[in-house]
Amino acid sequence: MTANDEKEQLEKLRAAIRHHAYLYYVQDAPEISDAEYDALFERLQKLEAQHPQWVTPDSPTQRVGGEPQAQFVKVRHPSPVLSLASAVSEAEVRAWYDRIARLLPSSYRPQFVVEPKIDGLTVVLHYEDGVFALGATRGDGDVGEDITANLRTVPSVPLRIPLPSDGHAAPSRLVVRGEAYMRISDLKELNRAQVEKGEKTFANPRNAAAGGLRQLDPAVTASRRIRLWVYSIISSSGPVPRTQWEVLQYLRQLGFPVNQDAALHDDLDSALAYAERWMAGRDDLPYEADGVVFKVNDLTIQEDLGVVGKDPRGMLAFKFAPRQATTRLKELGINVGRTGTLNPFAILEPVELGGVTIERATLHNFEDIARKDIRVGDIVVVKRAGDVIPQVERPLVELRTGAETVITLPKECPVCHSPAVKSEGEVAVYCVNPACPAQAVQRIIHWAAVMGIDGFGERLAQLFVDRGLLHDLADLYFLRPEDILALPGFAEKSTQNLLDSISASKTRPLPRLLAALGIRGIGDVVAEVLSHHVSSVDELGRATAEQLQQIPGVGPVNAANIVDFFASEQARRILAKLKRGGVRMEGEAPRAAATGPLSGKAFVITGTLPSLSREQATQLVTSNGGKVVDTVSKKVDFLLLGENPGSKLAKAEELGIPTLSEGQLRAMLQAPTGDGTRQGGSL
DNA sequence: CACCCTCGAGTTCC
DNA sequence: CTCGAGGGTG
């Protein structure tokens with residue numbers, strides 16, 4: 001074989017390998033087996049080894065290797081690489097549309113391209129004379145980092161723009177923007193390998209791709225199975241299509257990998273419908289997406305619309321509200337409850353979920369932690385219960401590195417360092433010190449909330465305790481204006497408001513008072529029942545356990561809790577102080593349950609009512625003889641239904657409980673005699 | 001004694 | 001909202 005023959009064969013091999021790599025990585029439709037591909041590749045390597053002078057930078061063999069770099073060089077982008085404004089609801093997308101429509105000629109109806117928003121790392125690729133010359137991260141949008149050596153190892157990054165099939169000539173200079181990402185399956189594999197090597201695992205594909213591309217040693221990047229999708233042209237020496245849709249076709253023709261799920265729509269409704277449909281199937285995608293991007297198709301219009309900050313007006317990310325996220329559990333925190341319970345919570349690496357950044361989440365209790373085997377350092381799945389309260393669902397055990405630490409029961413209270421105890425057969429762990437300052441703060445907050453001292457929450461309670469102004473809840477009634485005024489954030493007016501609010505709390509109905517004391521196991525409902533059997537706090541204090549157990553809803557445990565409470569030195573002191581402070585400790589005139597058209601009926605309120613606050617609605621129901629309870633159960637007669645109801649509605653439907661609107665409730669009150677309601681017996 | 005139903009307690013973020 | 005557990009019932 002002559003040298004010329006060999007050179008020709010070498011070129012053919014390269015072309016064949018490029019072709020098959022393109023089919024495999026870009027089209028995802030290989031025509032030959034992996035083994036056949038490997039054979040071609042080995043043959044090329046051998047030829048190049050024999051003729052090093054023929055090795056070119058765009059040869060498929062040049063994807064691997066390269067010298068590790070000392071650091072990344074900064075690269076200025078030819079024009080700013082913009083970011084995206086985002087929306088989390090259809091309403092926000094429509095609001096965006098309304099904003100841009102006002103800037104457009106009134107007769108103009110924009111088309112939209114909807115593209116998946118890939119969870120990856122934005123990269124900028126430069127081609128000189130059709131050859132991959134420079135690749136950079138987005139950085140701050142103006143300046144990124146040169147990661148050319150690493151991007152060369154990514155198989156779907158064309159090292160040379162494949163010759164287009166339809167006669168288009170590749171421009172001599174072309175800069176494109178794309179997203180480097182990992183498939184979910186590849187990430188899993190990578191994490192498995194990381195665990196074996198005892199190295200750090202990745203919580204999501206974006207971190208893995210970003211970590212992979214920011215390796216100083218390209219050989220490491222090469223092992224990461226990173227992929228690419230390209231979706232826009234940043235600059236070109238040749239003609240550029242005038243619409244986004246044509247840009248995607250053009251990039252595809254040039255041989256770049258372009259996501260297949262992009263779609264062109266003639267109006268916003270159609271685009272939104274497509275987006276919703278596509279998002280619904282997101283769990284089945286091989287890659288992670290965090291939403292879609294809406295782009296005004298006409299690029300001239302996009303330019304005319306301009307930029308706000310770094311966000312082009314002509315584009316919008318429509319993110320789906322994820323129901324869960326994964327992040328690292330950095331540390332274990334412990335809260336002290338009002339009753340002395342030590343409650344574990346997770347301190348997390350901040351993660352966005354449903355439009356808010358989550359930094360903490362409840363871990364419920366230590367048994368739950370043990371059952372789920374949650375450890376400090378774990379990557380955990382976090383979700384928001386009822387779309388509000390973050391909780392740690394489970395650890396991703398397969399992502400463990402061995403550096404995680406098992407969570408054990410606390411030995412002592414994190415605040416007062418008294419011993420922590422767990423009684424047999426009980427889940428909760430308690431701080432044994434009744435004088436624990438953390439408990440005092442919680443009891444004060446509870447008192448203030450139940451007695452209706454507005455605006456006195458955790459922050460203030462903590463502040464007042466720290467400053468030595470409050471040692472227990474009864475001290476509230478001995479606060480002096482000058483002490484409050486000296487505190488940060490308080491002036492004349494706010495001081496007076498607080499004092500007025502405290503003063504107003506001195507005369508509350510007996511059930512409020514009983515609930516506010518914070519006796520373990522005694523909440524709103526039991527306090528209400530108790531108030532029908534005693535006329536004052538003192539009378540309750542004199543009751544024996546046997547007497548208390550006669551009261552419905554009070555069993556041996558609650559009876560003992562009540563007796564123990566009144567026997568404690570601390571409680572006696574506080575009760576005496578409350579009396580001195582002028583707090584009324586008796587009920588009003590002997591009370592019988594109010595009677596009226598709603599007698600004997602139990603209501604649950606859900607959602608926002610048109611004209612009544614929750615408190616007003618409760619008042620309205622109780623003053624007409626009805627009862628308002630918090631949870632839907634078989635004993636509930638009606639669900640009072642407002643706007644945006646929560647899960648109570650589903651529960652009520654399940655139990656076949658009728659719902660009422662505020663209007664229907666009012667109509668029931670108007671009715672001369674209820675609808676055959678039995679008169680609730682007064683106790 | 002084994003269930004079922006309700007209540008209490010604690011929870012996060014804006 | 002969720003879970004544990006108290007209280008009542010069969």
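In what follows, every chain begins at residue 1, and chains take the letters A, B, ... in the order their sequences are listed.
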- Using only side-chain N and O atoms of A:Asn343, determine if any of them is under 4.0 Å from OP1 or OP2 of B:dT11. yes

- Among all residues two or more places apart in sequence or in another chain, which pass the side chain to side chain donor-acceptor pair (under 3.5 Å) test with A:Glu359? none

- Task: With sequence neighbours excluded, give me every side-chain hydrogen bond (donor to acceptor under 3.5 Å, both in side chains) pair touching residues 407-417 of chain A.
- Result: A:Glu412-A:His417

- Query: Partners of A:Phe202 by ring-ring contact (aromatic ring centres under 6.0 Å, His included), sequence neighbours excluded?
  - Reply: none

Considering only nitrogen or oxygen atoms on both sides, find all protein atoms under 3.5 Å from nucleotides 3-7 of chain B and state each distance.
{"unit_1": "B:dC5", "atom_1": "OP1", "unit_2": "A:Lys634", "atom_2": "NZ", "d": "3.0"}
{"unit_1": "B:dT6", "atom_1": "OP1", "unit_2": "A:Ser633", "atom_2": "OG", "d": "3.1"}
{"unit_1": "B:dT6", "atom_1": "OP1", "unit_2": "A:Lys635", "atom_2": "N", "d": "3.4"}
{"unit_1": "B:dT6", "atom_1": "OP2", "unit_2": "A:Ser633", "atom_2": "OG", "d": "2.9"}
{"unit_1": "B:dT6", "atom_1": "O5'", "unit_2": "A:Ser633", "atom_2": "OG", "d": "3.3"}

- Can you check the A:Ile562 CD1 to B:dG8 P distance for me, whole Å? 11 Å

- Quick one: list whatever passes salt bridge (Lys or Arg N to Asp or Glu O under 4.0 Å) with A:Arg573, sequence neighbours left out. none

- Any side-chain N or O of A:Thr339 less than 4.0 Å from the OP1 or OP2 oxygen of B:dG8? no

- All side chain to side chain contact (heavy atoms under 4.5 Å, CB included) counterparts of A:Pro414, not counting sequence neighbours: A:Ile334, A:Val336, A:Leu342

- Message: Tell me if the aromatic rings of A:Phe464 and A:Phe456 count as close, with their centers under 6.0 Å from one another.
- Response: yes

Check nucleotides 3-5 of chain C against the protein and report each pair of N or O atoms closer than 3.5 Å, with its distance, or say if there are none.
{"unit_1": "C:dA5", "atom_1": "OP1", "unit_2": "A:Val427", "atom_2": "N", "d": "2.8"}

Grab the N/O contacts between the protein and nucleotides 8-10 of chain C below 3.5 Å, and write none if there aren't any.
{"unit_1": "C:dG8", "atom_1": "OP1", "unit_2": "A:Gly553", "atom_2": "N", "d": "2.6"}

- Query: To the nearest angstrom, how far is A:His446 atom NE2 from B:dG10 atom P?
  - Reply: 8 Å

- A:Ile358 CD1 - B:dT11 C1' separation (whole Å): 12 Å

- Message: Using a heavy-atom cut-off of 4.0 Å across all strands, would you classify A:Glu359 as base, sugar-phosphate, or nothing?
- Response: sugar-phosphate

- Length of the line joining A:Phe345:CZ and B:dC13:P, which is rounded to integer Å: 10 Å

- Query: Between A:Ile522 (CD1) and B:dG10 (C1'), how many Å, whole number?
  - Reply: 17 Å

- Query: Does A:Asn335 have a side-chain nitrogen or oxygen under 4.0 Å from the phosphate oxygens OP1 or OP2 of B:dG10?
  - Reply: no

- Task: Using atom NZ of A:Lys383 as one end and atom C1' of C:dT2 as the other, report the distance to the nearest whole Å.
- Result: 10 Å

- List for me each residue that meets side chain to side chain donor-acceptor pair (under 3.5 Å) alongside A:Ser568, sequence neighbours excluded, and say none if there are none. none

- Task: Would you mind checking if A:Arg443 and A:Asp472 are paired as a salt bridge, meaning a charged N to carboxylate O distance below 4.0 Å?
- Result: no

- Tell me: CD of A:Gln442 to P of B:dA9, nearest whole Å? 12 Å

- Under-4.0 Å side-chain N/O to phosphate OP1/OP2 contact, A:Thr341 with B:dG10: yes

- Task: For residues A:Val554 and A:Val526, determine if any side-chain heavy atom of one lies less than 4.5 Å from a side-chain heavy atom of the other.
- Result: yes

- Residues at least two apart in sequence or cross-chain that pass side chain to side chain donor-acceptor pair (under 3.5 Å) with A:Arg94, listed by chain then number, are A:Glu90, A:Asp269

- With the side chain of A:Arg338 defined as its heavy atoms from C-beta on, choose the nearest nucleotide among B:dT11, C:dG7, B:dG10. B:dG10

- Query: What pairs with A:Phe345 under ring-ring contact (aromatic ring centres under 6.0 Å, His included), at least two apart in sequence or on another chain?
  - Reply: none

- Which whole-number value in Å describes the distance from A:Tyr430 OH to B:dA9 P? 9 Å

- Compare side-chain N and O positions of A:Arg520 against OP1 and OP2 of B:dA9 and report whether any pair is under 4.0 Å apart. no

- Task: Taking side chain to side chain donor-acceptor pair (under 3.5 Å) as the test, write out the residues that go with A:Arg508, two or more places apart.
- Result: none

- Task: For A:Ile519, report the nucleic acid contact type (base, sugar-phosphate, nothing); a contact means any heavy atom under 4.0 Å.
- Result: sugar-phosphate

